[in-house]
Amino acid sequence: MATSSSRRAVIIGGSMSGLFSAAFLRRIGWAVDVFERSPVELVGRGAGITTHPELLEALERSGAGTRDLGIEVPKRITIDRSGRVIGERPLRQILTSWDRLQRLLRATIDPAHYHLGHTFQHVEAKGRGVRVRFAEGRVEHADLLVGGDGIRSGVRAQVAPDVQPIYSGYYIWRGAPNEADLAPETLASIFPYFVFFLPERQQVIGYPISGFNNDLRPGHRRYNFIWYRVGDARTLKDMCVDETGHQHEYSVPPPLIRKDLIAQMRADAERIMPTAFIDCLRNIERPFFTPIYDFSAPRIVFGRVALVGDAASSSRPHMGFGVAKAGGDAQALAQALAAHDDIDAALAAYNAERQPIGERVMLHGRKLGTHLGVDLKTDEDRRMWKLLQEDDAMMDWIAVPNFLAAYR
Ligand SMILES: Cc1cc2nc3c(=O)[nH]c(=O)nc-3n(C[C@H](O)[C@H](O)[C@H](O)COP(=O)(O)OP(=O)(O)OC[C@H]3O[C@@H](n4cnc5c(N)ncnc54)[C@H](O)[C@@H]3O)c2cc1C
């Protein structure tokens with residue numbers, strides 16, 4: 001990449017896409033500052049992240065590297081209610097955690113240029129660049145504003161207010177029990193593998209991830225547990241009433257999730273799940289739910305504002321590709337800026353390259369989401385739904401590497 005010494009970007013959001021953008025822009029010689037609204041260091045609540053070749057490449061090229069990235073599983077299995085293995089696929093895949101990625105990426109940026117406790121409020125064109133105002137009063141000037149502030153992006157809300165995430169009609173219960181708490185049978189039967197349990201209109205998926213402080217030692221790891229369940233908008237609205245009776249708009253902070261919801265969920269699990277997954281759930285002290293939304297913005301560049309990661313497009317997590325896409329967006333943005341001396345021409349090239357990819361990933365996520373049988377509109381939806389009723393097909397389609405190659 002060519003370098004440019006006097007150019008500056010202000011980046012909103014200190015998570016995956018914000019940190020990737022900072023790392024890649026610094027590598028082409030830009031000055032960068034990252035502004036994150038959280039007043040305290042970000043933590044990922046043990047969220048597991050499937051990796052893809054694109055993510056590994058972005059980590060290497062950004063300078064973050066892939067040191068102690070995670071745990072490699074040798075295969076995928078599907079089990080039935082009795083715990084019997086009813087399908088199997090050899091597929092080596094590294095499973096990592098949000099916390100590990102955050103740590104690797106965070107180490108690429110000088111702490112003096114990573115600013116916690118700054119909430120983006122407003123951007124306006126100023127000269128040939130932008131003037132950015134924060135809720136806390138700070139004002140910054142730059143050649144470029146990068147919006148890496150996630151699916152509910154405030155930057156996008158200003159430049160493209162009509163673009164709104166759409167609820168899929170299903171949500172996930174999640175959590176990550178400690179390996180040390182699990183029964184020997186659970187450790188032997190599911191812990192080493194990427195595991196599916198697929199009752200009608202539901203998906204339970206599990207895989208091992210590192211433990212606290214990226215501990216990869218046997219005995220100190222965790223098991224990422226995800227349970228997809230169907231729930232219409234009314235159900236979701238009710239679930240978003242918290243323990244104190246307060247109605248939240250999109251989801252509820254884990255400590256405030258109503259106890260009756262958790263009790264009901266645990267009772268449902270006891271009725272339908274294999275023993276090993278019941279064991280996982282019993283050892284998750286505080287399970288939490290995440291409603292699944294998606295969208296893709298028709299444009300991801302607005303003057304001197306570029307959207308990256310989930311702010312630009314966000315897919316249902318069936319491919320586990322969100323962080324890989326965040327890294328790819330950031331890499332493409334820096335490559336375009338290095339290849340074009342004219343910033344506006346570079347941004348046009350970035351938009352042309354990455355907007356279609358974000359849309360493609362989103363549409364692919366919807367295809368895989370048909371498994372849950374929600375809102376099947378077209379013949380193709382129904383064909384895909386039918387195909388995915390085969391457990392083997394789920395192992396072939398969900399979160400597999402190199403899926404974008406089929407569209408090239
Ligand atoms: C259930 C689930 C499972 C997933 N599994 C995977 C997986 O296996 N693999 C994978 O690659 N991806 C996965 N993803 C997707 C992945 O988590 C996201 O794609 C990724 O976190 C996007 O990164 P981001 O930096 O763009 O956005 P985010 O991680 O959402 O970060 C946005 C940041 O911006 C900050 N911010 C927001 N507003 C402002 C503001 N006004 N001012 C300043 N800062 C602001 C936020 O505090 C936050 O830190 C999953 C997602 C879900 C929901």
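Basis for what follows: all heavy atoms, side chains included, without hydrogens, waters or symmetry-related copies. Numbering of residues begins at 1 and proceeds along the displayed sequence. Owing to the predicted nature of the structure, the values given are computational and were not obtained by experimental measurement. In listed order, ligands and their atoms are each counted from 1.
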Aromatic centroids of Phe196 and His371 separated by under 6.0 Å: no
With respect to Ile172, determine whether any N or O atom, backbone or side chain, lies less than 3.5 Å from an N or O atom of ligand 1. no
Out of Ser17, Gly13, Gly48, who is nearest to atom 24 (P) of ligand 1 when you count heavy atoms only? Ser17
Taking distance alone, with no angle check, do Met16 and ligand 1 share an N/O pair under 3.5 Å? yes
Taking the inter-plane angle between the rings of Tyr167 and Tyr293 on a 0 to 90° scale, is it parallel (under 30°), tilted (30 to 60°) or perpendicular (over 60°)? tilted
Winner among Phe134, Phe120, Tyr207 once heavy atoms are compared against atom 42 (N) of ligand 1: Phe120
So, regarding Ala326 and ligand 1 (criterion: nitrogen or oxygen to nitrogen or oxygen, under 3.5 Å), is there a contact or not? no
Taking distance alone, with no angle check, do Arg37 and ligand 1 share an N/O pair under 3.5 Å? yes
Ser38, any N or O under 3.5 Å of ligand 1 N or O: no
From the candidates Asn224, Asp149, Val155, the one that places a heavy atom nearest atom 34 (O) of ligand 1: Asp149
Quick one: does Ser15 get an N or O within less than 3.5 Å of an N or O on ligand 1? yes
Option nearest atom 50 (C) of ligand 1 (shortest heavy-atom distance, choices Ser153, Pro317, Gly327, Ser313): Pro317
Using a plain distance cutoff, I'd like to know if Asp310 has any nitrogen or oxygen under 3.5 Å from a nitrogen or oxygen of ligand 1. yes
